[in-house]
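Structure first, then comments.
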Number of protein chains: 4
Amino acid sequence: MNRHSYFHIFLGGDELVKKDKPKYKQIVDAAVIVIAENGYHQAQVSKIAKQAGVADGTIYLYFKNKEDILISVFQEKMGMFVEKLEHILTKEVSASEKLRLMIESHFGLLSGDLHLAIVTQLELRQSNHEIRMKINGVLREYLLQMDKILVKGMEDGEFDKDMDIRLARQMVFGTMDETITTWVMNDHKYDLVDLAPKVHRLLMKGMRA
Amino acid sequence: MNRHSYFHIFLGGDELVKKDKPKYKQIVDAAVIVIAENGYHQAQVSKIAKQAGVADGTIYLYFKNKEDILISVFQEKMGMFVEKLEHILTKEVSASEKLRLMIESHFGLLSGDLHLAIVTQLELRQSNHEIRMKINGVLREYLLQMDKILVKGMEDGEFDKDMDIRLARQMVFGTMDETITTWVMNDHKYDLVDLAPKVHRLLMKGMRA
Amino acid sequence: MNRHSYFHIFLGGDELVKKDKPKYKQIVDAAVIVIAENGYHQAQVSKIAKQAGVADGTIYLYFKNKEDILISVFQEKMGMFVEKLEHILTKEVSASEKLRLMIESHFGLLSGDLHLAIVTQLELRQSNHEIRMKINGVLREYLLQMDKILVKGMEDGEFDKDMDIRLARQMVFGTMDETITTWVMNDHKYDLVDLAPKVHRLLMKGMRA
Amino acid sequence: MNRHSYFHIFLGGDELVKKDKPKYKQIVDAAVIVIAENGYHQAQVSKIAKQAGVADGTIYLYFKNKEDILISVFQEKMGMFVEKLEHILTKEVSASEKLRLMIESHFGLLSGDLHLAIVTQLELRQSNHEIRMKINGVLREYLLQMDKILVKGMEDGEFDKDMDIRLARQMVFGTMDETITTWVMNDHKYDLVDLAPKVHRLLMKGMRA
DNA sequence: TATGAATGAGGCTTCATTCAT
DNA sequence: TATGAATGAAGCCTCATTCAT
């Protein structure tokens with residue numbers, strides 16, 4: 001069971017066909033680069049088209065409008081995170097170890113794609129209310145998976161049984177998010193993945209039984 | 001020592017004169033209301049002028065441009081937080097207690113001004129790269145004060161001496177920020193200040209010696 | 001003598017061959033339906049192609065461009081009117097009776113094809129100058145036949161000998177056109193053919209000797 | 001009682017103020033010229049602005065959007081016709097004479113403004129459904145006045161008492177319209193006003209008792 | 001013949017800023 | 001100081017047409 005099976009429920013066949021065509025990915029990848037290099041508000045459709053090596057009009061064969069491109073960027077890329085997380089969840093290890101793997105994996109993915117890191121941590125947050133709400137919908141999926149780790153940890157007695165799970169989630173996500181954003185804003189001067197064990201230790205200390 | 005002394009370093013006498021005139025505050029307050037009620041991208045200068053009860057052109061007698069209004073909003077309002085924090089720092093209490101007071105005070109200020117909460121947590125984050133960088137400059141002042149609490153706590157043996165102070169700060173700020181944002185996005189359905197002790201306990205657990 | 005002989009003068013053999021192929025008529029008929037149902041400005045080539053059951057590109061095997069489709073619609077359909085009129089002209093009846101038959105036949109054809117009525121009375125008039133000029137060229141053929149009735153009526157002493165023939169033609173055509181357009185704009189609420197005798201009587205009164 | 005009093009009923013003071021400013025008329029007049037000289041579909045807002053001697057954005061201080069310009073053109077100009085007609089209606093003359101005056105006046109106004117004639121007879125008819133419906137609303141006012149002449153003529157025994165008033169109106173308007181359009185399409189080669197008596201005679205013959 | 005994916009030119013509208021009064 | 005009418009740059013999207021298959 002991976003995210004593809006998840007999305008099968010919601011998307012018609014049509015969309016899936018389009019998403020599987022090479023130009024769809026080409027355009028999504030181009031959007032990430034253009035947004036990262038020019039900033040959200042300077043990421044014109046024409047720039048994305050040029051970066052993708054297609055005509056402006058071609059964009060609209062694959063996306064309903066500009067907003068649709070941006071949401072798709074988040075969906076496609078966030079999908080990677082969810083997939084990783086789902087994979088981690090299947091492993092036969094402790095909740096603490098899962099948490100560590102999640103942080104490491106999350107940091108690792110963004111370390112490996114600096115453009116993507118800029119886009120998700122800084123640029124996409126400049127989008128308007130409507131787009132952000134749709135992005136939040138995608139994010140929720142990730143947070144739901146994250147909750148599973150926390151619940152398991154509490155059930156197994158690794159984490160504090162009286163912990164408010166929403167608060168804990170906010171601490172975990174907020175700390176990770178803040179850590180990554182600080183790293184991005186400092187121009188990736190230091191190694192983000194190196195911070196993972198420390199972040200893990202700090203968070204575990206806050207949550208352990 | 002108050003925040004005015006801090007800004008004396010950066011601002012020329014001209015601005016100070018302007019900032020003391022009633023219309024300056026009128027416009028800043030109008031901006032908060034307009035942004036909160038219309039969203040960042042629908043907060044046109046003309047709307048702010050109308051809300052402030054002045055002509056469009058008058059805005060430009062007090063602010064260099066629109067960007068200047070937005071940064072001033074953050075500066076003026078963030079100033080309140082820094083002042084509170086400076087006040088807390090002078091108290092003769094433990095670092096843990098200072099942390100508790102900071103969280104409570106921070107949550108309290110935003111609970112008391114829902115418009116401001118919307119603006120700082122959601123809307124102002126939609127601003128472009130340049131504005132956000134300037135906002136971060138203002139924010140840094142707050143984080144520097146926050147660091148003093150952490151350092152004191154480590155020196156006094158209340159907090160873990162081997163803690164990475166930057167990481168700890170990211171955890172504290174990230175958790176608070178995520179908690180507030182979640183509260184705002186849930187339409188202030190529950191009482192934010194009530195969460196302060198829990199957040200404090202969680203963070204303390206993560207940081208204590 | 002039928003309209004084909006008329007068009008022989010203007011059209012090369014190529015077009016004739018194409019016009020006899022089933023897809024040519026398929027596309028023209030599809031255009032009428034699409035224009036009537038979507039309006040002139042929403043009648044994209046792709047919609048016409050879909051309605052006709054052919055690929056977009058196939059359209060261009062039968063028509064030079066979109067303009068050519070629209071003119072062909074008018075040509076093909078207006079041809080029906082000219083044919084009917086030519087048939088009426090051969091009858092051995094008075095000019096007044098011919099006029100009556102013409103009105104009745106004209107009203108009858110449009111009553112029987114509401115799509116066509118919408119297209120000729122409302123939608124095709126939204127076309128640009130150039131197309132309308134070409135449409136007028138086709139219309140002229142109809143008006144020339146109409147003139148024959150008027151001339152005959154004047155020669156036979158049925159119509160006023162001193163009548164300005166151009167004015168009379170404008171009255172006849174203008175009245176018919178206005179009557180049909182009003183009927184179309186009133187959503188065919190009443191029976192158009194029922195109005196034919198009244199229109200005939202009114203026009204005859206204006207023209208008789 | 002003139003049309004201003006009529007519109008007072010429908011328009012708020014705001015609109016009236018705008019309509020009285022010189023730039024409003026400047027833009028409406030520019031629109032007539034640009035549409036007449038370039039055709040409806042080539043009448044870009046930027047062209048109208050340039051012709052009016054204002055910036056593109058200025059247009060939008062006086063008009064909601066492009067559609068609003070076009071409807072205003074018709075409203076403002078058609079207003080002249082309605083005013084003339086209302087004036088004619090107050091005269092103490094026979095219905096036949098009123099009809100003559102109406103035709104002469106209508107032809108005269110368009111003869112005196114060739115641009116306007118092109119716009120109303122040819123170009124504005126290319127507008128889309130929605131705009132045409134709004135234009136028809138304005139036109140209705142004119143036709144209502146015209147009906148008054150017909151009713152009076154029937155009451156006074158000048159016109160056929162059994163005449164279908166709607167058909168009669170369609171004949172009168174259709175004939176006038178067709179006559180003017182033919183004149184415009186023939187590049188005003190002949191004098192339109194000279195045709196008025198003939199048109200009047202023809203229509204009277206069709207309608208008289 | 002037939003297809004349909006790809007092309008790319010073109011225009012309405014918004015809104016931050018200016019400047020004459 | 002204060003006004004607010006005027007400015008004009010800038011970008012998303014549509015759709016007729018082409019052309020490789």
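In what follows, chains carry the letters A, B, and so on, assigned in the order in which the sequence lines appear, proteins first and then strands, with residues in each chain numbered from 1.
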By ring-ring contact (aromatic ring centres under 6.0 Å, His included), which residues pair with Tyr60(D), not counting sequence neighbours?
none

Rounded interatomic separation in angstrom, taking NZ from Lys47(C) and P from dT14(F)
12 Å

Let me spell it out: for each of Val54(D) and Ile59(B), pick the nucleotide of DNA chain F with the closest heavy atom. Which residue's pick is nearer the 5' end?
Ile59(B)

Looking only at heavy atoms, the pair that brings Lys47(D) and Asn38(D) closest together is NZ-OD1, 3.6 Å

Side chains of Phe63(D) and Val28(D) in contact at under 4.5 Å (non-hydrogen atoms):
yes

To the nearest angstrom, the CG-P distance between Leu70(A) and dC12(F) comes to 10 Å

Roughly how many Å is it from OH in Tyr24(C) to P in dA2(E), rounded to a whole number?
16 Å

What is the per-nucleotide protein-contact pattern of nucleotides 11-16 of chain E, from the 5' end, where B denotes a base atom under 4.0 Å from a protein heavy atom, S denotes such proximity for sugar-phosphate atoms only, and - denotes neither?
SSBBSS

Nearest heavy-atom approach of Ala31(C) to Ile69(C) is CB-CG2, 3.9 Å

Between CZ of Phe63(B) and C1' of dA2(F) the distance, given in whole Å, is 16 Å

Pick the nucleotide of DNA chain F nearest each of Leu61(D) and Leu61(A); which residue has the one closer to the 5' end?
Leu61(D)

For Lys77(D), all residues meeting salt bridge (Lys or Arg N to Asp or Glu O under 4.0 Å), sequence neighbours excluded
Asp29(D)

Given the rule that a pair is Watson-Crick or G-U wobble with both distances under 3.5 Å, how would you write DNA chain F in dot-bracket, using | for pairs to a different strand?
.||||||||||||||||||||

With sequence neighbours left out, which residue pairs that include part of residues 113-125 of chain A fulfil the side-chain hydrogen bond (donor to acceptor under 3.5 Å, both in side chains) condition?
Glu37(A)-His115(A), Gln121(A)-Asp177(A), Gln121(A)-Thr181(A), Glu123(A)-Gln126(A), Arg125(A)-Asp177(A)

Minimum heavy-atom distance Val32(D)-Val119(D), with the two atoms named
O-CG2, 3.4 Å

May I have the distance from Lys50(A) (atom NZ) to dT7(E) (atom P), rounded to whole angstrom?
14 Å

Which part of the nucleic acid, if any, lies within contact of Tyr62(D), taking any heavy atom under 4.0 Å across all strands shown: a base, the sugar-phosphate backbone alone, or nothing?
sugar-phosphate

Pairs satisfying side-chain hydrogen bond (donor to acceptor under 3.5 Å, both in side chains), at least one member in residues 50-59 of chain D, at least two apart:
none

Has the side chain of Lys21(D) got a donor or acceptor atom that lies under 3.5 Å from a matching backbone atom of Tyr62(D)?
no

